[in-house]
Amino acid sequence: MSSEKKFLTKYIDTIIELSNETGMSKKEVRTILDISLSNQNPKFINFDQIKTEIKIFITINIFSLICKL
């Protein structure tokens with residue numbers, strides 16, 4: 001499989017997994033993932049690490065909103 005197909009497969013799998021794990025729509029997850037990947041070289045992307053960082057970001061934002069109540 002070519003590197004472009006591997007990248008697209010991991011990209012789509014990451015969108016689906018994050019959507020299922022966070023309850024966000026696939027469109028919202030795709031937007032966040034696109035922002036995360038915008039300044040990175042596709043050859044050196046670790047989707048597991050990015051997925052973890054996005055979940056941490058969402059968790060921090062949720063706790064921040066709860067604390068403001």
Sequence neighbours excluded - ring-ring contact (aromatic ring centres under 6.0 Å, His included) pairs with any residue from residues 15-43: none
Ser19 side chain to Ile16 main-chain N or O, any donor-acceptor pair under 3.5 Å? no
Return the NZ to CD1 distance between Lys27 and Ile32, rounded to the nearest 0.5 Å. 13.0 Å
Show the numbers, then the answer: is there a side-chain contact (heavy atoms from CB on, under 4.5 Å) between Lys51 and Leu33? CA-CA 8 Å; Lys51 188 169 66 168; Leu33 188 58; over 6 Å; no
Taking Phe63 as the fixed residue, which of Ile60, Leu65, Thr59 is the one that meets the side chain to side chain contact (heavy atoms under 4.5 Å, CB included) rule? Thr59
Mark yes or no for whether Thr22, through its side chain, and Leu18, through its backbone, hold a donor-acceptor pair below 3.5 Å. yes
Mind checking the CD1-CG spacing from Ile66 to Asn61? Nearest 0.5 Å is all I need. 11.0 Å
Given side-chain contact (heavy atoms from CB on, under 4.5 Å), test Leu37 with Phe7 step by step and report yes or no. CA-CA 12 Å; Leu37 299 176; Phe7 175 83; 4.3 Å; yes
Is there a donor-acceptor pair closer than 3.5 Å between any side-chain N or O of Glu28 and the backbone N or O of Ser25? yes
Nearest 0.5 Å, what's the CZ-NZ distance between Arg30 and Lys26? 13.0 Å
Below 30° counts as parallel, above 60° as perpendicular, anything between as tilted: where do the rings of Phe47 and Tyr11 land? perpendicular
Go through the steps for Val29 and Glu17 under the test side-chain contact (heavy atoms from CB on, under 4.5 Å), then give the verdict. CA-CA 10 Å; Val29 172; Glu17 288 173 10; over 6 Å; no
Given Ile45 and Lys10, is the side-chain contact (heavy atoms from CB on, under 4.5 Å) satisfied, shown in steps? CA-CA 10 Å; Ile45 292 175; Lys10 289 181 181 180; over 6 Å; no
Within-4.5 Å side-chain heavy-atom neighbours: Lys68 and Ser64: yes
Interatomic distance, CD1@Ile35 vs CZ@Phe57, rounded to 0.5 Å, equals 8.5 Å
